[in-house]
**Student:** 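After the structure tokens below, expect a handful of questions from me.
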Amino acid sequence: MTEAIAALDEVTPRRIRTKRARTSVFWLSLPLLAIAATVVILPLTGLLPDPNAQDLDNTLAPPVWLAGGTWEHPLGTGKLGQDILSQMVAGGRLTLFIGVVGALVAIGPGTLIGVVAGYYRGWVDIVISRLIDAQLALPFILIALAIIANRGNSLPVLFLVLALTGWAPCARVTRSVAMEVRERQFVMGLRAAGASEPRIVFRHIIPNLIGTVVALGSLQVGTAILVESALSFLGMGVLPPDVSWGAMLSAGQDVLTNAWWVALFPGIAITSVVLLVNLLGDALLTHNDPRKRKR
Amino acid sequence: MIRRILIRVAAVLVTLLIAISIAFALGRLSGDPTASILGPMATEGQRADLRAELGLDQPLLLQYFDYLGGIFTGDLGNSLQFYQPNLTMILDRVPFTLQLVGAGMLIAIVIGVPLGVLAATREGSWWDRAASALALLGQSIPVFWLGMMLVLLFAVQWGLLPAGQSGSVQHLVLPALTMSLYPMAHVARLTRATMSDVLREPYIDAARARGLSAGSIVWKHAFKNASLPVLTIVVLQAGTLLSGAVAVEYVYAWPGLGQLALQAIQFRDFPLVQAIVVFGAITFVLLNQLVDLLHALIDPRVR
Amino acid sequence: MNAGGTLLEVSDLTVTAAVMDRSLTLLHGVSLTVAPGEVVGLVGESGSGKTTLARSVLGLLESNITIAGGSISLRGEEIVSPAADRTVSIRGKHAGMVFQDASRSLNPLFTVRSQLAEVLRRHVPGIGKDQIAARSAQVLERMRIADTGRVLDSYPHQLSGGLRQRVAIGLAVVTEPALVVADECTTALDVTTQAEVVVLLRSLAADLGVGLLFVTHDLMLASDLCDRIAVMYQGEIVELGAVDTVLLHPEVDYTKRLLAAVPQWNGATSPHA
């Protein structure tokens, strides 16, 4: 097996950029992990007030570096005096959670569907390809509207929307990669040797796809965070008392003219995390050559 | 020729039917909407009444044909909150959304295309870096947040432009600018990618060997070939723009289709939401057809 | 001015390429001439530098490739030197080029007519519509194309491979250049079409006095078409002379090996067989 793959490596020209991509994957993961660690660990220290605690004497207080700001609320307070820093941390936790789970629920089925289409071909592929096209042609907002109008909004509904809108791009890519892997010599050899089809798919095809899937997953985390923020902003996603960065933006919209800091910080946070995740996804796409994965 | 047109029309109708059916399936198969419309306090009797009013007590297949029949006769049902035909309300709002999407797309093209071309003809230059940076940022910033920040700077801080509502060209500037960022990023990135591919084609070399001017080589010979994928993205992005329009219209209190959809959702106006979804789906299928048509217009090989 | 009737003069040309912060020498002091009406073949294996030489004449080198020494002159006027590149003034007007793959050297989105018209408008100042139409038809007739009207209004994909290559040659010569550089322009064609194109190219030289620099890896073809042959190996011209001299009495080992590799050569023509 491994020899056959190594032999294939010989004939396939390798991208020179992979080494640079590997170091950039490291440097991009670092800040993301740091953010994740912060939003998980900081609340445990007990230093931060409850994100929903109201401080009615201090509503819409500015950040500490502006006139009127205090260290009690370093990033200022919201309409009901909620501590923005606490909200940023709590919101970050929920936003990252939604991003990761939202990517998983899209990438999981997407990969499976794509592999099935690419591997089995024939009418299965035709039906799935039509579905992918139809799905890609419908803008996500229509699907979100249809589902949320019907089911109301809750976290499971949000994940349903993310799964229904996110599986297709992933399925399209994995389909074509699966098609390509299927034609490789070692797969042909396995079939000639009488290996069972599910075994070939799960033991050989899917592992060969992992690099691509991880990269797509990373990009999908960014998409999920953006979708969450838009839906929460419009009141169709996360609702109080839960806090997410998108929900914070929704609160910030109401007080935009007199307390800009409420909307500024979560926006910067969303943009930076999505930017990092997108860069990471691009770097992974460059880096991933499925054949190099065991090393 | 007539046969080909007929086949074409049939294909469009089939795609339309699929899209409409998906909209129906999304609306009906995800469960009974009466619970979320009436809230948890409603009695079973009230819910049964509403189900009857919406026709949800009928067999599913009958509902489906009813729904199809309605669409083909131009009847998209009535709104629960406005007591008006859904189609009339949608058509009232369309011009506003169209204005926003059109202006946003125009800005995206006017900036994105030349930037992409410059980046492709000068790979590794500052233009190239600017295009990459724009593409990355455009895909990472939540558009509505950008809209809020623009309001903060241009309307609140400097008082240069109105912060919301519609009516004049000044009212359109900020929303259109906000709308344009995401498609601009896409257009710039795609233009750069396809142009740099096309510029490596042998016919570009041959055009240089024939002594044609640099301007003609880049803008006529290369760009016409690169314009096909760019055009596809432009038209299809117009669809994605509709998604963005919902949030942007909310930020700027712009009286378009997106605002209507939001009102419908907030009041659990189930028939109106469904009508908007169907309207959107049909628009989409037609936009896709437009792409094919434009392809045939530009490329003699697909005629 | 060169009284001896030299059209193209390449003297001591050295060309280098920058590849990953190293400098590779592609041509080492190459010298070559082409007279009006003369067909000079440039043969050698791939990587020998023959395409680099051909492309330097028209200034079509990649951006990482530079002229390190020597010069190229056309009709006594220096067009290429390390100091300056004046190929823009001759490209398409006094020198034309025909490429390997005609189906890809014609822009797929424009008709033959509009591609010819653009070249004419660019190089013949003040040319009128009627003249453009007349000269376009005329050049296609010279290319031995029968129904010029249909071909003019066709898009490249509507034409056969042989027709496309003749259109491509037509595009190179419609401005009546003194020199034509053909880079493997028959490789992609089948044998019959190849023969037709060779006849066509020879008539350009014989009837119009066009100087032709013919790049090929096909020795048989070169011997059919050329007056003189230059054999290139690793960036140098190792042998240069009249076709018969080079092919029948090769002096250099490399040429002998090249000849030995041609299957028909051993039995049919070679005196050493």
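For clarity, every value in this text was computed on a predicted model and none was experimentally measured. Note on naming: letters A, B, ... go to the chains in the order of the sequence lines (proteins, then strands), and numbering restarts at 1 for each one.
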**Student:** Given the rule in the side-chain contact (heavy atoms from CB on, under 4.5 Å) test, do C/Lys50 and C/Glu184 qualify, once you have shown the distances and angles that lead to the verdict?
**Tutor:** CA-CA 10 Å; C/Lys50 54 191 196 312; C/Glu184 301 275 7; 3.6 Å; yes
**Student:** Any residues in residues 183-219 of chain B near chain C, with a heavy-atom distance under 4.5 Å, and which are they?
**Tutor:**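 Interface residues of residues 183-219 of chain B: B/Glu201, B/Pro202, B/Tyr203, B/Asp205, B/Ala206, B/Arg208, B/Ala209, B/Arg210, B/Gly211, B/Leu212, B/Ser213, B/Ser216.
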**Student:** Heavy atoms only, distances under 4.5 angstrom: which of C/Val119, C/Leu60, C/Leu58, C/Thr111 has the most pairs with chain B? Name it, please.
**Tutor:**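 The candidate making the most pairs under 4.5 Å is C/Leu60.
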**Student:** Between the side chains of B/Thr232 and B/His295, is a donor N or O closer than 3.5 angstrom to an acceptor N or O?
**Tutor:**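 Present: a donor and an acceptor within the cut-off.
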**Student:** Counting only heavy atoms closer than 4.5 Å, note whether C/Arg121 contacts chain B via side chain, backbone, both or neither.
**Tutor:**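 Answer is neither: C/Arg121 stays 4.5 Å or more from chain B.
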**Student:** Kindly indicate, with the supporting measurements, whether the criterion side-chain contact (heavy atoms from CB on, under 4.5 Å) is fulfilled by C/Val112 and C/Leu106.
**Tutor:** CA-CA 8 Å; C/Val112 172; C/Leu106 299 174; 5.7 Å; no
**Student:** Would you check if the side chain of C/Arg135 reaches a backbone N or O of C/Val174 as a donor-acceptor pair within less than 3.5 Å?
**Tutor:**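 Pair found, side chain donor or acceptor close to backbone of C/Val174.
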**Student:** Quick one: what part of C/Arg122 sits under 4.5 Å from any heavy atom of chain B, side chain, backbone, both or neither?
**Tutor:**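 Looking at C/Arg122, just its side chain touches chain B.
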**Student:** Can you tell which of C/Gly96, C/Ala95, C/Pro108 has the highest number of heavy-atom pairs within less than 4.5 Å of chain B?
**Tutor:**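 Of the options given, most contacts go to C/Pro108.
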**Student:** One pair to check against side-chain contact (heavy atoms from CB on, under 4.5 Å): B/Arg122 and B/Asp128. What are the steps and the verdict?
**Tutor:** CA-CA 7 Å; B/Arg122 296 165 173 74; B/Asp128 195 6; 6.0 Å; no
**Student:** Would you find a donor on one side and an acceptor on the other, under 3.5 Å apart, between the side chain of C/Gln194 and the backbone of C/Thr186?
**Tutor:**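 The answer is yes, because a donor-acceptor pair under 3.5 Å joins these two groups.
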**Student:** With a 4.5 angstrom heavy-atom cut-off, which part of C/Gln115 approaches chain B: side chain, backbone, both or neither?
**Tutor:**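 Just the side chain, heavy atoms under 4.5 Å.
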**Student:** We want to know whether C/Asp218 and C/Thr216 form a side-chain donor-acceptor pair, criterion being a heavy-atom distance below 3.5 angstrom.
**Tutor:**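 C/Asp218 vs C/Thr216: no donor-acceptor pair found between side chains.
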**Student:** What's the spacing between C/Gln100 CD and C/Thr51 OG1 if we round to 0.5 Å?
**Tutor:**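 Answer rounded to 0.5 Å: 8.0 Å.
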